Amino acid sequence: MSVSTLVQPFATNNEHFSLCAALAKQHGTPLLVLDVDKVRANYMQLTQALPNVALHYALKPLPHIDVVQALNELGGCFDLATNGEVDLVAQAGVDASAVIHTHPIKRISDIEHALHYGCTTFVFDSENELNKFVPYSDSVELLLRLSFPNKDAAADLSKKFGVAPSAALPLLKRAKELGIRVRGLSFHVGSQTMDAGKYVYAIEQCKAVFEAALDAGIGAMNTLDIGGGFPVSYTGQDIDIYDYCAPIRAALAAWPETVHFIAEPGRFIVANAMTHVMSVMGQSQRGDATWYYMDDGVYGAFSGRVYGEPEQRFFTQYSTEFAAGEPSVLAGPTCDSIDVIGERVLLPALQDGDLVFTQNMGAYTWTTSTDFNFFAKAELISLNNTLMVAQVG
Ligand SMILES: Cc1ncc(COP(=O)(O)O)c(C=O)c1O
């Protein structure tokens, strides 16, 4: 059966939701529909917005082989943090020269696993971690991670990792004493950073550290890694990534030509490439609201509701207009009271078995799902990749 014969007449004109509904009919729900063409388009857009920056896709938000293969075909690079991620890029045939390992805390066995694959760039942010590289000083180059706290981000990644710029020189000096080459600095301004000024501030602070290291006789570094954090529109209001990156381009233009720039985008590459479909399992009137109990929830693809991910917008088979209908509660399937995806969600009256669609579900969803209560994780189906053509054709 081809994809086109699966598409059924639908109550609305939204072709993508029609296709997702047809796939849900075939595969069941909960279902995640990944459009690999969108992954490719996002990568190309960010390449144009940051022309002198090598994009290393951070596997964390969606460690899926179809994403890795598509980006590898486009000449993309990768940011890895775990042995599983090393194994995934190896399986996809990625050349080890295209990867960096950015987890600031590693077991010796993790370092050896990545080295065995051929990865030679690692991140550190403490003397304890630095010492682990002494036996491998001939084969590794390091990036020192700095912290730039950002309370406005969806996830502030500087609470747990990175050192203040003022603590950088002693660590760089110590690395030199140990004979370990530090090729540069890295940072992460926080996931879903809406204010590009956060990058500009961090880039300027890093420049001051590069200059101070040179003045102190520690030597010249040649790499600046500006991390991930590039934002996605969850509200329906478009973010023009080229305009967003304009201040970042300007800040990088002030650096010497000898410096090589890296970024580690995760969310931006995959978030808008995946649509989620779930079904109403049952419903009840509780107080003045209808509660719809769905077959996916915060223990599944909506885990981000618990740790501060942006709110999602929900669409139904009756209305692909956002916010149409009565204030309702969308609850997950498990027997746990915290398993509520959204309260006061405006929805038309739904029947058991009806479908609810959520866009922008590519990042931090499939990968952070559990099967708590034995409710199965959403199945992931890929569109526009060779594997899918083979499966459905
Ligand atoms: C070191 C590192 N780089 C990149 C990313 C990807 O960030 P984002 O998805 O915000 O682009 C993360 C996310 O946790 C990270 O920890």
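Nothing here was measured: the structure is a model prediction, and the numbers come from that model. Both ligands and their constituent atoms are indexed starting at 1 by order of listing. Both backbone and side-chain heavy atoms feed into the values below; hydrogens, waters and symmetry mates do not.
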Asks: Sequence neighbours excluded, which residues qualify as side-chain hydrogen bond (donor to acceptor under 3.5 Å, both in side chains) partners of His103?
Replies: none
Asks: Among pairs that include at least one residue of residues 353-364, which meet side-chain hydrogen bond (donor to acceptor under 3.5 Å, both in side chains), considering only residues two or more places apart or in two chains?
Replies: Tyr318-Asp354
Asks: Would Tyr299 and Val306 satisfy side-chain contact (heavy atoms from CB on, under 4.5 Å), going step by step from the backbone distance to the final call?
Replies: CA-CA 9 Å; Tyr299 289 96; Val306 181; over 6 Å; no
Asks: Heavy-atom contacts with ligand 1 below 4.0 Å: which residues, ordered by chain and residue number?
Replies: Ala58, Lys60, Asp79, Thr102, Arg145, Leu157, His188, Ser191, Gly228, Gly229, Glu264, Pro265, Gly266, Arg267, Tyr364
Asks: What pairs meet the side-chain hydrogen bond (donor to acceptor under 3.5 Å, both in side chains) rule with one or both residues in residues 143-165, with sequence neighbours excluded?
Replies: Asn150-Thr193
Asks: Can you check side-chain hydrogen bond (donor to acceptor under 3.5 Å, both in side chains) on Ser126 and Asn128, steps first, answer last?
Replies: CA-CA 5 Å; Ser126 68; Asn128 186 64; 5.1 Å; no
Asks: Would a 4.5 Å heavy-atom cut-off, applied to side chains only, mark Phe124 and Leu144 as touching?
Replies: yes
